[in-house]
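Shown next, in structure tokens, is the structure this report addresses.
All chains are named by letter (A, B, ...) in the order of the sequence lines, taking the proteins before the strands, and each is independently numbered beginning at 1.
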Amino acid sequence: MESSIHTNLNHLFRREYGKLIASLTKTFGTHNLALVEDVVQDTLLKALETWKLKGIPDNPSAWLFTVARNKALDLIRRQKHQQAFAAQLTPLLKSEYTAAATLQEIVKDGNIEDEQLRMMFVCCHPLLAEETQVALILKTLCGFSIAEIASAFLTSEETISKRLFRGREKFREEKITFDLPVEKELPERLESVLTAIYLLFNEGYHATHVAGIIRDDLVEEALRLGNLLRYNTSTDTTATKALLALMCFHAARLYQRIDENGSLLALKDQDRTKWNHALIVQGHYFLKLASSGESITAYHLEAAIAYEYSVAPSYELTNWKQIDELYKSLLKLKPLPLLEFQHTIVKAECYGYAQGLDELLRLEASGLFSRNHFFYTTKGEWLSKLNQKKEAEESLLKASELAHTKAEKNFILKKIVSLGY
Amino acid sequence: MKDFMLVFRNSAQSQEQFANQSPEQMQSEMALWNTWMGKLAAQNKLMGGEPLYPEGKVLHGTKKKVTDGPYIEGKDVVGGYVIIKAESYDEAVDLSKDCPQLNADDGTVEIREIMKIDQ
């Protein structure tokens, strides 16, 4: 019971953290992000102390905003002679006549979608490295702790702190304003936002190394941020909808990818009745909306591929021919070796494992997959299907050496055992 | 976008009543002003403003005669001003309609476009 209250509070705080940061950053300006984070941290601490004694108020969100607003007003009164705030608001905040009024209507609960959208574009500013962008999003919009971000990215807390620090520095040095990009720059800027969201999603989707809760939260947050882009017509493009469709289709299978022992479950071994069908329906809806425009992005094609997988009644009855065609188009847009490898898997289902293996050997010669355990697992499986058991075992052993996690190693070892060799 | 100055006036009598309100009344009056101004600020339409004390001094013409003012000549007193941004007089009038200054019958909001001087 105690811990469930704690989990609820944790979730509430995480969600409110992002809203508070966005509306306070609008007031203080991005150059004051560290200050803003302090105000929010103080507010949540005060909530924790007060609510422990008096219980959670009926409208916790409004409570938090009132406390944050008062803290912000105190801070502005103390620092108005040394500090510049958000450019347009600075004169208003420096006058006692207008300061309280301005804060009252800007730092308040309710429609924060616009502020969060701006925050997203600020975090994905092209002057920031991709890894910094994602760390900033997780910290400021999703309310992840530094420890949580570090564990999501298999890196140290120190590394994450440094990335966040560099991000805040850039905001200050480059005078990045809390605005949506101008129309001319929007398509390019939106692309980096979509990339960051997809990265975040993949980090959650493929992460077998982090605790279940963080993994689920990453996927959930990626979907939430994607949905935020729909609030503004200029960011609600067909590419946005295609990415949302893609994430829905993948997320629908999230819980079936790992069995009760924490081992990875291959697509053909997953119980399709346990996929989240509500998410598949939602994905379908987004894909339909995404198809209304003229442009076809990689997200469209990846979503269409994921759609084919999600509607197949069984692994064997998957429309492999259609997926093969979609991969051909996708590779024209994104000629990535990893996609080529995935395409090879599809081709093996279409044209047989012998042909698949030929392609695989060609990819292996490129040397790009020498550290990829999925690659060697696949190669081992196909060799085994083609009755080359000795070579199959070699390949699987190599895969198990390369695997990062216990779940992955178990998955591969099971395959070696089933060779019966 | 153009800049407009909104000048708040009412009778000297109302001004005096306002100054003599109870703290509670004063606070609820302030809340009305904060909501109205805050909404303009949230739309990036409030540029600034200040309230004024009712008493003052007035200098007159070349003789620079000083009188207590400002209500020697007119019965209306300026209580404060704000500067807002609006596309047109129509919008400026619309934005001013909810101003708490108009909650009293003798309260007025005078709307004047700020002249932009070319260099």
**Report entry** Nearest heavy atoms of B/K39 and A/E105, plus distance in Å
**Finding:** N-CG, 3.2 Å
Query raised in the report: For atom CD of B/Q13, is the number of surrounding heavy atoms from other residues, nucleotides or ligands below 6.0 Å larger than 12?
Result: no
Query raised in the report: Does A/D58 CG have over 12 foreign heavy atoms under 6.0 Å away?
Result: no
Query raised in the report: Side chain, backbone, both or neither: which part of B/M47 has a heavy atom under 4.5 Å from chain A?
Result: backbone
Query raised in the report: Any chance NZ of B/K64 has more than 12 other-residue heavy atoms, nucleotides or ligands included, within less than 6.0 Å?
Result: no
Query - Part of residues 79-97 of chain B lying next to chain A, heavy-atom separation under 4.5 Å - result: B/Y81, B/V82
Report task. Check the surroundings of atom CD in A/E173: do more than 12 heavy atoms from other residues, nucleotides or ligands lie under 6.0 Å from it? Result -> yes
Query - Heavy atoms from other residues, nucleotides or ligands near CG of B/N20 exceed 12 (cutoff 6.0 Å) - result: yes
Report summary line: Counting heavy-atom pairs under 4.5 angstrom with chain A, the leader among B/A42, B/A41, B/P51 is B/P51
**Report entry** Contact residues of residues 66-103 of chain A (partner chain B; heavy-atom separation under 4.5 angstrom)
**Finding:** A/Q88, A/L89, A/P91, A/L92, A/S95, A/Y97, A/T98, A/A100, A/A101, A/T102
Requested in this report: Calculate, to the nearest 0.5 Å, the distance between atoms CD and OG1 belonging to A/Q104 and B/T35 respectively.
Outcome: 4.0 Å
Requested in this report: Output the distance between atom CG (B/N44) and atom NZ (A/K26), rounded to the nearest 0.5 Å.
Outcome: 6.0 Å
